[in-house]
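What follows is one structure encoded as structure tokens, with my remarks underneath.
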Amino acid sequence: MFALLDGNNFYVSCERVFRPCLKGRPVVVLSNNDGCAVARSEEAKALGIKMGEPYFRIRHLHEQAGLVALSANFPLYGDMSDRMMSLASALGPEQEVYSIDECFVGLDGVPDVTRRAWAIRQRILSGIGIPTCIGIAPSKTLAKLANHVAKDAARKPGSYPAELSHVCNFAELPPGQLRGLLEATPVGEVWGVGRRIGARLQAMGITSAADLADADLVFLRSNFSVVLERTALELRGTPCHELELEPPAKQQIACTRSFGKPVTELEPLVQAVTTFAQRAAEKLRAQHLRAGMVYVFAHSSPFRPDDPRFARSASVPLVEPSSDTSVLAEVAEQAIRRIYEPGYRLAKAGVMLLDLSPCTQKQGSLSFEIIQPQRDRSALMEVVDGLNKRFGRGVVSIGSTQSTGGWGMRQERKTPAYTTDIRSIPVAR
DNA sequence: TCTGGGGTCCTAGGACCC
DNA sequence: TCTGGGGTCCTAGGACCC
């Protein structure tokens, strides 16, 4: 058995903990650059605000309906998440933290599950101030669905039986009731069925979760994929997905941003991309990984069809994997200079680090790095990352090989960072 | 004027091999 | 007209998730 616990309207709930005056009011939390709404209170949803709705389209609701829009505070949400996960882990012997606001809990051997779930929910509510819902079922997909029932039963009276509000355990429903719940749930609400597949299923007459559970497995696999076949199996109560207790090793690390205003000049673009590479390199070292490939892209706005279209990228393989900020930033800079062409209004750019491998370099010895400055400086950089994390981003930085100072580590690399002349790197369009 | 960011997995199709 | 049969590896693109 699995439980799925998640925080309701998580970012908004976090903000309300520290600003109780926001309770009962329509509130949204905005993405980076205050571009669009990424979390909505129930009151904001009731105003018709959709997930991802651009802020400029809902701004008028401040005057009309008292909408409060907040800039996201991700360090706060991360901290609240850690506390919530810690309390949630008491629900069962095993926990998979699935995202910032939800976790699966393995329930093998847990007695009296429903009562325990209520207790955990209350502990999180009174201890941290975050309201949660908990779904319990024999597969992850069904636990997700039970969680959906728990939420809608609470916030949309009449959608599901009221006694399933907040905590919904599929395993102890009276006979036949699960079937009714599946029939009452649109297929698009099922975990793993998105907009596209949902529309195709609808067109085939598969409109509810029950229809999908009943669908022919061979048909699903041949017309869609093995993924949807597994989803149908999970809806029947056959688990196909186990808990992932160890987070799997990352395959890519990205830092990408939309620009507040369109970027047309090269130098601000280089500035941005260099910063992205630095941030990505920090994340890379936090995972003790090195990258074998740097991917850089930039594109114009897809929302402005009248602008000349620009979408280019370049992948640069490194001679040897690196987690060195100066190497990765330099490669990224060369790549963006290669991609750039004047005459376009660029809306977004980013750096991705690919081909990741574990860092075998000895970690954590600052003096080692200073004595042997020719070595990969990842250990030094991890120290710098730690200082920045503790005392605020940017308090310490390392000079690049071109700059003076920077821990007195002017150094020349014996081999170039990337394979060939950057001009030979193909640009994808 | 203004439209998020960061991930994963699967599949089809081409290149290549014996 | 018919034009081997399988296997692997890689990549691009599509779909999903929060």
Side-chain angles (χ1 to χ4, degrees), chain A residues 4-11 28-40 49-60 62 69-72 74 77-78 81 96-104 140-141 144 147-148 187-201 220-231 240-241 244 247-262 272 276 279-280 283-284 286-287 293 295 297 299-307 311 313 315 317 345 347-356 426 428-429:
Chain A
L4 180 82
L5 176 148
D6 77 346
N8 302 345
N9 314 325
F10 187 67
Y11 299 162
V28 293
V29 171
L30 301 174
S31 66
N32 181 270
N33 288 336
D34 293 345
C36 57
V38 293
R40 307 155 292 154
I49 299 170
K50 301 273 179 279
M51 182 65 175
E53 184 103 48
Y55 179 47
F56 70 85
R57 264 199 240 135
I58 56 175
R59 192 164 15 200
H60 66 280
H62 174 64
L70 305 171
S71 297
F74 290 108
Y77 311 148
S81 173
E96 171 188 342
V97 175
Y98 178 70
S99 74
I100 191 162
D101 72 334
E102 65 191 288
C103 64
F104 289 100
K140 281 180 156 184
T141 303
K144 275 281 218 183
N147 177 277
H148 165 77
V187 72
E189 297 293 341
V190 174
W191 189 42
V193 178
R195 235 187 36 248
R196 302 293 186 102
I197 290 177
R200 283 179 61 198
L201 288 171
L220 291 179
R221 186 191 281 237
S222 58
N223 284 271
F224 296 89
S225 75
V226 64
V227 181
L228 194 63
E229 182 190 11
R230 285 189 201 128
T231 297
C240 301
H241 304 293
E244 285 177 13
K250 284 214 184 295
Q251 303 189 21
Q252 53 175 258
I253 285 173
C255 184
T256 71
R257 288 286 180 281
S258 294
F259 301 125
K261 306 178 188 162
F276 299 158
R279 294 275 299 111
K283 294 189 206 174
L284 185 73
Q287 306 270 326
M293 172 104 81
Y295 173 88
F297 72 89
H299 63 68
S300 53
S301 173
F303 303 105
R304 307 182 133 271
D306 296 339
D307 276 10
S313 65
S315 311
R345 293 159 58 83
K348 183 170 178 174
V351 172
M352 292 192 203
L353 305 178
L354 309 170
D355 230 343
L356 306 185
R429 308 172 184 231

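A note on names: the letters A, B, ... follow the listed sequences, proteins ahead of strands, and every chain is numbered from 1.
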Inset, instruction - Return the nearest nucleotide to the side chain of A:Pro262; candidates are C:dC18, B:dG5, B:dC2. - result: B:dC2
Legend entry - Value in whole Å for how far the C1' atom of B:dC2 lies from CG of A:Asp306: 16 Å
Inset, instruction - With DNA chain B as reference, determine whether A:Gly35 or A:Cys255 sits nearer its 5' end, using the nearest nucleotide of each. - result: A:Gly35
Inset, instruction - Report the distance from atom CE of A:Met352 to atom C1' of B:dG5, rounded to the nearest whole Å. - result: 10 Å
Inset, instruction - Look at all strands and tell whether A:Glu53 reaches a base, only sugar-phosphate, or nothing, counting heavy atoms closer than 4.0 Å. - result: nothing
Inset, instruction - Using a cut-off of strictly less than 4.0 Å, decide whether A:Ser258 has a side-chain nitrogen or oxygen near OP1 or OP2 of B:dG4. - result: yes
Legend entry - Atom pair distance, as rounded to whole Å: CD1 in A:Ile253 and P in B:dT8: 9 Å
Legend entry - Presence of A:Arg221 side-chain N/O under 4.0 Å of B:dC10 phosphate oxygens OP1/OP2: no
Legend entry - Euclidean distance, atom CD1 of residue A:Ile100 to atom C1' of B:dG4 [Å, nearest integer]: 14 Å
Legend entry - B:dC16 to C:dG4 separation - C1' atoms, rounded to the nearest Å: 16 Å
Inset, instruction - Just name whichever nucleotide pairs with B:dG7, Watson-Crick or G-U, keeping both distances under 3.5 Å, else none. - result: C:dC16
Legend entry - Candidates C:dC18, B:dG4, B:dT3 - which lies nearest the side chain of A:Glu102: C:dC18
Legend entry - Nucleotide nearest A:Arg304 when distance is taken to its side chain, options B:dT3, B:dC2, C:dC17: B:dC2
Inset, instruction - Look at the rings of A:Tyr77 and A:Tyr11 and say which category their plane angle falls in: under 30° parallel, 30 to 60° tilted, over 60° perpendicular. - result: parallel
Inset, instruction - Considering just the side-chain nitrogens and oxygens of A:Lys283, establish if one lies under 4.0 Å of OP1 or OP2 belonging to B:dG6. - result: yes
Inset, instruction - Can you tell me the distance, in whole Å, between the CG atom of A:Leu354 and the P atom of B:dG6? - result: 14 Å
Legend entry - cation_pi(A:Lys140, A:Phe104) dist<6.0 Å, angle<=45: yes
Legend entry - Along DNA chain B (nearest heavy atom to each residue), the more 5'-positioned of A:Glu244 and A:Lys261: A:Lys261
Legend entry - Lys/Arg N to Asp/Glu carboxylate O, A:Lys144 vs A:Glu189, below 4.0 Å: no
Legend entry - Under 4.0 angstrom between A:Arg200 side-chain N/O and C:dA15 OP1 or OP2: no
Inset, instruction - Can you figure out which of B:dT8, B:dT3, B:dC10 approaches the side chain of A:Gln251 most closely? - result: B:dT8
Inset, instruction - Would you indicate what A:Val190 reaches in the nucleic acid, counting non-hydrogen atoms under 4.0 angstrom: base, sugar-phosphate, or nothing? - result: sugar-phosphate
Inset, instruction - Starting from C1' on C:dC18, measure out to CG on A:Leu4 and report it in whole angstrom. - result: 12 Å
Legend entry - Length of the line joining A:Leu284:CG and B:dG6:P, which is rounded to integer Å: 14 Å
Legend entry - Sugar-phosphate only, base, or nothing, as touched by A:Asp101 at under 4.0 Å among non-hydrogen atoms: sugar-phosphate
Legend entry - Side-chain N,O (A:Lys348) to OP1/OP2 (B:dG6) below 4.0 Å: no
Inset, instruction - Look at the side chain of A:Ile197 and decide which nucleotide, out of C:dA15, B:dC10, B:dG4, has an atom nearest to it. - result: C:dA15
Inset, instruction - Could you grab the distance from atom CG of A:Leu356 to atom CD of A:Gln252, nearest 0.5 Å is fine? - result: 8.0 Å
Inset, instruction - Would you indicate what A:Arg257 reaches in the nucleic acid, counting non-hydrogen atoms under 4.0 angstrom: base, sugar-phosphate, or nothing? - result: sugar-phosphate
Legend entry - Six-ring centre of A:Tyr55, A:Arg59 cation under 6.0 angstrom, axis tolerance 45°: yes
Inset, instruction - Send over the distance from A:Arg345 CZ to B:dT1 C1', rounded to a whole Å. - result: 9 Å
Legend entry - Base of C:dC16 paired with side chain of A:Arg196 (donor-acceptor, under 3.5 Å): no
Legend entry - B:dG6 phosphate, OP1 or OP2, under 4.0 Å from A:Thr256 side-chain N/O: yes
Legend entry - Intermediate values then yes/no, side-chain hydrogen bond (donor to acceptor under 3.5 Å, both in side chains), A:Asp34 and A:Ser71: CA-CA 6 Å; A:Asp34 293 345; A:Ser71 297; 2.8 Å; yes
Inset, instruction - Just call it for A:Phe303: base, sugar-phosphate, or nothing, with non-hydrogen atoms closer than 4.0 Å on any strand. - result: base
Legend entry - Nearest to side-chain heavy atoms of A:Ser31, which nucleotide of B:dT3, B:dG6, B:dG4: B:dG4
